[in-house]
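Chain identifiers are assigned alphabetically (A, B, ...) following the order of the sequence lines, protein sequences preceding nucleic acid strands; residue numbering begins at 1 within each chain. This structure is a prediction, so every number in the text was calculated from the model and none was measured.
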Amino acid sequence: MGVRLYDTKAREVVDLAPRVPGRVGIYVCGPTVQSSPHVGHLRSALVYDLWRRWLAHRGYEVTLVRNVTDIDDKILVAAEAAGDPERWWALAYRVELEFSRAYAAIGILPPTYEPRATASIGEMLSLTATLIERGHAYPAADGSGDVYFDTGSWAPYGELTGQRREDMQDAEDADPRGKRDPRDFALWKGRKPSEPASASWPSPWGAGRPGWHLECSAMSRRYLGGAFDIHGGGLDLRFPHHENELAQSRAAGDGFARHWLHNGLVTVDGQKMSKSLGNSVFAHDVLAQAEPAVVRYLLAAAHYRSTIDLHDGSLAEAAAAVERIESFLLRSGRALAVAAPAAPAALEVPEVFAAAMDDDLGVPQALAVLHETVRAGNAALDAGDLAAAARSRAEVAAMTGVLGLDLGGARTDDAATAALGVLVEGMLERRAAARAQQDYRTADEVRAALAAAGIAIEDGPDATHWSLS
RNA sequence: GGUGGCGUGGCCGAGAGGCGAGGCAACGGCCUGCAAAGCCGUGUACACCGGUUCGAAUCCGGUCGUCACCUCCA
């Protein structure tokens with residue numbers, strides 16, 4: 001069985017059928033770099049990172065394109081608020097770097113390419129011209145320099161989200177400008193006198209800048225072709241963003257995406273994060289509270305299409321699960337280092353794990369397999385079956401590898417850690433001596449002193465191990 | 001008004017007609033000087049009401065609750 005995915009346009013799980021066998025082109029809507037990344041942004045990028053890793057594991061050559069929207073109303077507004085409207089590009093770039101750091105922190109691999117909207121203005125202009133030629137777009141009659149997509153001219157409009165044009169509630173757009181119909185949307189926005197000159201580009205319809213939806217059509221076409229395999233993005237982008245992308249690309253004659261993927265949102269205590277509610281949980285907040293692997297686990301553990309609700313204890317639960325896996329890796333590593341059994345078989349992921357991942361990226365079931373393998377490995381260790389333990393360990397490593405869960409590698413080898421090690425080992429020797437003489441009072445005092453310093457110890461059959469808790 | 005979700009044991013979270021995923025927490029046991037870690041065991045869970053079926057958490061109809069999108073959002 002091959003890889004299957006829930007196609008939000010088809011509204012069912014379908015077989016992945018790449019246009020070119022063995023190759024998959026994916027376009028994902030990236031962020032508008034207007035303000036710091038929140039966990040929702042992290043989750044979205046993580047979902048496609050997982051898809052990409054799994055497809056690559058399955059032998060596909062994946063081209064993942066995730067754009068950066070670096071010109072937009074909100075960026076201009078943010079720059080204005082920062083008191084330096086001309087330098088909107090500096091703000092956009094600063095925020096973009098923040099996103100990159102946050103992505104990297106939780107092991108999200110850089111996409112194959114990360115195009116910025118401002119670098120594809122030419123493609124957007126030609127796409128706009130094509131749409132006008134074909135009778136699907138019109139320059140506004142009010143002299144604003146705007147160009148709008150004519151939704152009424154495109155019969156399938158609404159096909160992605162199953163809505164009929166007549167049923168759509170009119171946008172209470174504060175500024176209908178030169179639209180013929182409220183449902184029409186801007187391809188090109190004429191420059192307003194109040195806007196910085198640096199935020200506009202020349203066009204046949206006057207100086208201006210691109211509308212939001214246009215960039216994705218232009219960039220996916222430029223890097224993946226007029227027809228490609230998968231288009232992804234957050235569930236909240238389905239309408240109007242993806243609907244409009246689809247309409248303009250198809251109206252321009254492109255086949256566009258074969259499959260649509262949408263990731264679920266992240267809510268906080270049951271509510272969507274939003275600026276107006278002020279309940280956003282930012283990437284830097286969560287990364288300050290937990291190990292990167294814990295954050296990655298938390299955001300990956302639920303199925304990619306379901307909502308993740310953040311609440312008190314979310315991080316602690318994820319941390320407990322991660323520690324369980326991590327401590328098996330540590331424990332088995334110690335046991336196998338002493339008496340290395342026959343080399344484990346190649347790093348293959350268990351079949352049930354693979355089957356779960358194949359089935360619309362069933363990470364939750366895959367994690368169940370991972371945990372079962374950990375349990376079996378621990379049981380093997382308890383029973384002294386090192387060969388079985390080694391096999392489990394290899395499987396666990398393979399699974400965490402595919403999931404991008406970088407565990408056990410956090411051991412820092414700096415001077416401070418080394419010095420701490422010397423001190424702790426000294427104390428443990430003192431404790432061992434006390435225990436040998438059944439002086440448990442002294443032994444427990446040593447343990448308590450270490451615990452007070454945040455160091456946990458475990459007595460093994462031949463040695464005591466310590467770790468920072 | 002339109003469109004699409006969701007409601008599973010103390011919590012998180014899968015599943016999608018029959019054999020109780022997995023994690024966390026709790027309780028009992030093994031191990032331990034005591035712990036810790038680990039292992040073994042312990043749960044009459046599927047919003048409500050009808051229906052279909054030998055059998056429904058899963059299918060159908062209805063009710064209630066809840067969330068998202070239709071305005072910028074990953």
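Applying the side-chain contact (heavy atoms from CB on, under 4.5 Å) test between A:S332 and each of A:L381, A:N378, A:L386 identifies A:L381 as the sole match. For the pairing with A:D49, the salt bridge (charged side-chain N to carboxylate O under 4.0 Å, His left out) check across A:R43, A:R66, A:R296 returns one residue only, A:R296.
Heavy atoms of A:G30 sit under 4.0 angstrom from primed sugar atoms or phosphate atoms, though from no base atom. Contacts of A:L237 with the nucleic acid, taken as non-hydrogen atoms under 4.0 Å apart, involve only primed sugar atoms and P, OP1 or OP2. Residue contacts for A:V266: at a heavy-atom cut-off of 4.0 Å it reaches a base atom on one of the strands shown. At a threshold of 4.0 angstrom between heavy atoms, the contacts of A:H465 with the nucleic acid are absent. At a threshold of 4.0 angstrom between heavy atoms, the contacts of A:F239 are confined to the sugar-phosphate backbone, with no base atom among them. At a threshold of 4.0 angstrom between heavy atoms, the contacts of A:A456 with the nucleic acid are absent. Among the heavy atoms of the strands lying under 4.0 Å from A:E372 are primed sugar atoms or P, OP1, OP2 only; no base atom is included. A:Q438 comes within contact range of no nucleotide atom at all, as no heavy-atom separation falls under 4.0 Å. Using a 4.0 Å heavy-atom cutoff across all strands shown, A:I457 reaches at least one base atom of the nucleic acid.
Between B:C34, B:G2, B:A21, one nucleotide has an atom nearer to the side chain of A:Q163 than all others, and that is B:G2. For A:A368, whose side chain is taken as the heavy atoms from C-beta onward, the closest listed nucleotide among B:A21, B:G33, B:C24 is B:A21. Distances from the side chain of A:D167 to the nucleotides B:G2, B:C34, B:G38 place B:G2 closest. Listed nucleotides: B:G22, B:A36, B:C72. Nearest to the side chain of A:E458: B:A36. Among the nucleotides B:C40, B:C12, B:C69, the one closest to the side chain of A:H311 is B:C12. For A:R431, counting side-chain heavy atoms from C-beta on, the closest listed nucleotide (B:G38, B:A68, B:G33) is B:G33. Side-chain proximity of A:R447 to B:A74, B:G38, B:C34: nearest is B:C34. When distances run from any side-chain atom of A:D382 to the nucleotides B:G33, B:C39, B:A21, the shortest one goes to B:C39. The side chain of A:P364 sits closest to B:A21 out of B:A21, B:G23, B:A74. Ranking B:C34, B:C11, B:C40 by closeness to the A:D444 side chain, first place goes to B:C34.
A:D72 and A:R209 are not joined by a salt bridge, as no carboxylate oxygen comes within less than 4.0 angstrom of a charged side-chain nitrogen. The pair A:R431-A:D444 does not meet the salt-bridge criterion, since no charged nitrogen lies less than 4.0 angstrom from a carboxylate oxygen. Between A:K179 and A:D184 there is no salt bridge, since no side-chain N of the basic residue sits under 4.0 Å from a carboxylate O of the acidic one.
B:G55 and B:G4 have their P atoms separated by 33 Å, given to the nearest Å. Nucleotides B:A35 and B:G29 have their P atoms positioned 11 Å apart, rounded to a whole Å. Taking atom C1' in both B:G10 and B:A25, the straight-line distance is 7 Å, to the nearest Å. A distance of about 24 Å separates the C1' atoms of B:C54 and B:A45, rounded to the whole Å. Separation of the P atoms belonging to B:G23 and B:U42 is 14 Å when rounded to the nearest angstrom. Distance noted for atom P between B:A56 and B:G50: 14 Å (whole Å). Nucleotides B:C39 and B:U32 have their C1' atoms positioned 13 Å apart, rounded to a whole Å. B:U71 and B:U66: their C1' atoms are spaced 22 Å apart (whole Å).
Atom OH of A:Y103 is separated from atom P of B:A74 by 9 Å (rounded to the nearest Å). The distance between atom CG of A:D459 and atom P of B:G38, rounded to the nearest whole Å, is 15 Å. What separates CD of A:E323 from C1' of B:G23 is a distance of 13 Å, to the nearest Å. Rounded to whole Å, atom P of B:C24 lies 10 Å from atom CD1 of A:I325. Put simply, NE2 on A:H241 is 21 Å from P on B:A68, counting in whole angstrom units. Atom CD1 in A:I455 sits roughly 15 Å away from atom C1' in B:A36 (whole-Å rounding). We find that CD1 of A:I308 is positioned 16 Å from C1' of B:A68, with the value rounded to whole Å. Spacing between atom CG of A:L261 and atom C1' of B:A74 amounts to 13 Å, rounded to whole angstrom units.
For the OP1/OP2 pair of B:C39 and a distance below 4.0 Å, the side-chain nitrogens and oxygens of A:R324 include at least one atom meeting the criterion. A sub-4.0 Å separation between OP1 or OP2 of B:C69 and a side-chain N or O of A:K272 is present. The side chain of A:S306 contributes an N or O atom lying less than 4.0 Å from OP1 or OP2 of B:A14. Between A:R11 and B:G5, a side-chain N or O to OP1/OP2 separation shorter than 4.0 Å is absent. Regarding contacts with the backbone of B:C39, a side-chain N or O of A:N378 is found under 4.0 angstrom from either OP1 or OP2. OP1 or OP2 of B:G15 sits under 4.0 Å from a side-chain N or O of A:Q365. The side chain of A:H371 places no N or O atom within less than 4.0 Å of a non-bridging phosphate oxygen (OP1 or OP2) of B:G22.
Base pairing of B:C59 is made with B:G51, judged by Watson-Crick or G-U wobble geometry with both donor-acceptor distances under 3.5 Å. Across all strands shown, B:C46 has no partner, as no Watson-Crick or G-U wobble contact with both distances under 3.5 Å is found. Searching all strands for a Watson-Crick or G-U wobble partner of B:U3 with both distances below 3.5 Å returns B:A68.
Side-chain N/O atoms of A:T69 and A:E215 include a donor and acceptor closer than 3.5 Å.
Of the residues near RNA chain B, A:G40 and A:A379, the one whose nearest nucleotide (by heavy atom distance) lies more toward the 5' end is A:A379. Take the nearest nucleotide of RNA chain B for A:T267 and for A:A320: the residue whose nucleotide is more 5' is A:A320.
The local environment of OH in A:Y223 is crowded, with over 12 non-hydrogen atoms from other residues, nucleotides or ligands closer than 6.0 Å.
The aromatic rings of A:W154 and A:H136 stand perpendicular to each other, their planes meeting at an angle above 60°, with 30° marking the opposite boundary. Aromatic ring pairs are classed by plane angle as parallel below 30°, tilted from 30° to 60° and perpendicular above 60°; the pair A:H242 and A:H262 is tilted. Classified by interplanar angle (parallel below 30°, tilted 30° to 60°, perpendicular above 60°), the ring pair A:W260/A:F256 is tilted.
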